[in-house]
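These notes concern the structure reproduced below.
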Amino acid sequence: MSQSTQIIGQRLKRLDARGKTTGETKFITDIKVENMLHAAPVYSKVAYGKLLGINTDVVENDPDFVAFFSAKDIPGENQVGVILEDQPLIAENIVRYVGDSVGILVANTAEAAQRLSKLVSVKIEAFTPIFSIDESRDAKENLIHDTNLACQHQVKRGDPEKAFAEAVHVIEARFETPFQEHYYLEPQGCIAFVTPAGGIEILGSIQCPFYVQKAVAKALDIPFSKIRVEQAPTGGAFGGKEDIPSETCTRAALAALILNRPIKMVYNRITDIQLTSKRHPFQMHYKVGVSKTGKLLAAKIKLEENAGAYATLSSVVSYRSAMQALGPYVIDNISVESNSYYTNLPPTGAFRGFGSPQAAFGHERMMDVIATELDMDPIELRLINIVKLDTHTLTGHHLKSSVGAEETLKTAADACDWNHREMSQDERWKTGYGVSLIHYGNCLGAAGWFMDGSGVKIKLHRDGSISVAFGLIEMGQGALTVVQQMTAEALGVEPGRITVLPTDTDQVPDSGPSVASRNVVMTGNAIRNAAAKLLPVLKEAAAELMQCDLNEIVLEQGKISNIRNSEMLSFSELSNYLYLSNRPMDVLGWWHVPELDYDAENGTGEAYFTYSYATQIARVKIDTYTGRVMVDKIWASHDVGKAINPAGLEAQIEGGTAQGIGWALTENFKVVEGEVVTDNLTTYLLPTALDVGEIESILVEDPEPEGPWGAKGIGEPAIIPTAAAIANAVSNALGQSVAQIPIIPEHILEMVGD
Ligand code: MOS
């Protein structure tokens, strides 16, 4: 049974486009259910201290007040830490940041819940808080947890000391990157229901339904089998809805269970920004030794991360930033240390790239610092060192397939005509070009390998329509559409037959988190696995019905033909026959990332099963009178293995690049004494369409044999190189090294002087 290859690679229209553009899509805030109450968190206004008592007297006479619940109401374990068990679901002894929840207030309306939650009196004995990485690392007493080191990863390969001695140049530099707020348009929100059997159902704006299921089970002491989590349409997430919903949904479920009524909890924007995770700020120190010709010989890299009050996903961030600390270059002698430190700030966690944009800022600024020192062209320096087929990554991963790094670099350089780039510098306006090259380990990697599997359920109906359930989710990235597309391709049917269901923990096995740019790879391979089970059944039924041999059947575009006599059968007829002949009509598909040969102690070997690669080149114009940096154009060349839906890929590249521009230039996140002061769009400046400039996407397709149809991930690679490319362009325009972002006008004016 041959299949057409026409559906993969098509620019299919998004399944969620109509609902989202017309406003028909119902988000959590739009959904009302009978008998529903509303909840809001009561949280600490003190950054660090001992909780002495909570008094609700002032709110209890309010006609809209219903209840208040604290840690003592939790029937199970008061623990919600996603990797380390360091985070109570509701603080009961120590509060560790402004925003640490000490309870949940339930009222008749959302307005009342939010108003009354602020009136509850919370008595706290304040301790001296710690806000910076330096203070946290150096603290000898008053530690935030048993230790201030939340987590640590390293790479130790070769003999850096010996190689430094042989290097002609040894160059050192320090870099810093700031917080970034996700600013998804839809804040955190969920509704928790009690089922007649005493179980819990959750409908929520969430990235990881299986995380929520586990968190509810643990805190409420209910078996997984009685907890169903369904994802509601989700208005953006970017990593910010990876672990946070485990807190919000479980607190709402606690109130629902006790009151036996549906509980809705939606954060307002200020609460959302104060309470939820951000991108980790990084301090980085690079020391790199190179040969006379620019070959990388030795590197010693130290990355330090501000983890905030709880570890959450810091471990993933420190792992990934260590594994990618010097980018897609060959180097045999390297030591990397990546440490995350607790502070009394909102927890930092998952944000598009998991530490990769920070590490990319470090290694790509460093490559330009080296190029300047050696008086070399930045692209030439990169080409000398770039990973290729049959070379090793910095962790010593022997690359045997799909290494499109060089092609992304060359196509981007050609597209912007790098060798003839305009370098005109008038007195006021300075133009600069900057290049940035990255690799991104696909999926969870060796540290998360045990949970790196995902599933789908494909169900044929008698009328020939098909439904697909998958275990990952749509959060705006276009997942539904590629799931439809890949299912159609795998089964040889038209996309229009396929309905993609909302993600629901009851439909598929635990598929892990919807993170790490995993969806296309994991779900695509699971679809192929399901199709491999279903196609022989279809074929056998078709041969029986058409009275021919199995190998004479062709299934294409929803038509079944018998190549011997060109007899045709519709997919609907075949589906109905499957039913009538008592054949299986639904199948589960599953895929797990292949085994990795990785040495955890030294951080060496196959850190990930494959890598996406990208080069971005930025052209900036700087107004030296006002200090404003304008991104004129970005050439973004991405090795995606294979483009499943090129329109979706370009949208990811444009969105990620825009988010990178914001982080590089305008998003100046400020916290004063633990309180976020940039808590709205007047003070926290997201780039608008007018600030983004032109983005030219270039798709490089170097197929990955383990990827579905050769595909690799794009969600995070889209943002990872951007800030470094812009900082390199600014450094190039001004002839000075930019060591930190955001590059606000004040910094530019300082650099240009009078
Ligand atoms: Mo995303 S940082 O993979 O949740």
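For Gln274 (side chain) and Ile270 (main-chain N/O), no donor-acceptor pair under 3.5 Å exists by modelled atom type. In this structure, Arg518 contributes its side chain and Leu444 its backbone to no donor-acceptor pair below 3.5 Å. With Asp57 contributing its side chain and Glu60 its backbone, the two residues share no donor-acceptor pair below 3.5 Å. Distance alone, capped at 3.5 Å, is enough to place a donor-acceptor pair between the Thr21 side chain and the Arg18 backbone. Thr109 places a side-chain N or O within 3.5 Å of a backbone atom of Ala112 that can act as its donor or acceptor partner. Between the Tyr184 side chain and the Gly239 main chain, no donor and acceptor come within less than 3.5 Å of each other. Of the possible donor and acceptor atoms, none in the side chain of Glu675 sits under 3.5 Å from a partner among the backbone N and O of Glu673. Checking side-chain atoms of Thr523 against main-chain N and O of Val520 turns up no donor-acceptor pair under 3.5 Å.
Taking the six-membered ring wherever Trp is involved, the centroid distance between the rings of His145 and Tyr310 falls below 6.0 Å.
In summary, Lys241 and Glu186 engage in a salt bridge, as defined by a charged side-chain N under 4.0 Å from a carboxylate O. A salt bridge does not link Asp100 to Arg96: none of the charged nitrogens lies less than 4.0 Å from a carboxylate oxygen. Salt bridge present: Arg228 and Asp504 bring a charged side-chain N and a carboxylate O closer than 4.0 Å. Glu474 and Arg14 are joined by a salt bridge, as a carboxylate oxygen and a charged side-chain nitrogen come within less than 4.0 angstrom of each other. For Asp62 and Arg115, the salt-bridge test passes: some basic side-chain N is under 4.0 Å from an acidic carboxylate O.
Around CG of Asn35, the count of heavy atoms belonging to other residues, nucleotides or ligands within 6.0 Å exceeds 12. With a 6.0 Å radius and a threshold of 12 heavy atoms from other residues, nucleotides or ligands, Lys20 has its NZ atom above the threshold. Annotation: Lys118, atom NZ; neighbour count of heavy atoms from other residues, nucleotides and ligands within 6.0 Å is above 12. Residue Lys264 places its NZ atom among more than 12 non-hydrogen atoms of other residues, nucleotides or ligands, all under 6.0 Å distant.
Asn268 and Thr271 share a donor-acceptor pair across their side chains, judged by distance under 3.5 Å alone. Gln477 and Asn519 share no side-chain donor-acceptor pair at under 3.5 Å. Inspection of the Glu247 and Gln188 side chains reveals no N or O donor paired with an N or O acceptor under 3.5 Å. Looking only at atom types and distance, the side chain of Gln79 has no donor-acceptor partner in the side chain of Glu85 under 3.5 Å away. Remark: the Glu716 side chain and the Ser517 side chain contain an N/O donor-acceptor pair separated by less than 3.5 Å.
Contact of the Ile473 side chain with the Ile206 side chain is not registered, since no non-hydrogen atoms from C-beta on lie closer than 4.5 Å. Residues Tyr48 and Asn142 meet the side-chain proximity criterion, which asks for heavy atoms closer than 4.5 Å.
Atom OG of Ser454 is separated from atom CG of Asp510 by 9.0 Å, given to the nearest 0.5 angstrom. With rounding to the nearest 0.5 angstrom, the CD atom of Glu125 is 11.0 Å from the CG atom of Leu51. The distance from the CG atom of Leu472 to the SG atom of Cys208 is 8.5 Å, given to the nearest 0.5 Å.
Across all their heavy atoms, Ala723 and Trp663 have their closest contact at CB-CE3, 3.6 Å. The minimum heavy-atom distance between Thr682 and Leu685, with the atom names listed, is O-CD2, 3.4 Å. Of all heavy-atom pairs between Gly198 and Val194, the closest is CA-CG1, 4.5 Å. Contact record, Thr348 with Gly308: OG1-N, 3.9 Å, taken as the closest heavy-atom pair. In this structure, Ser101 and Leu275 approach most closely via the heavy-atom pair OG-CD2, 4.1 Å.
Phe669 and Phe179 have tilted rings, their planes meeting at an angle from 30° to 60° on a 0 to 90° scale.
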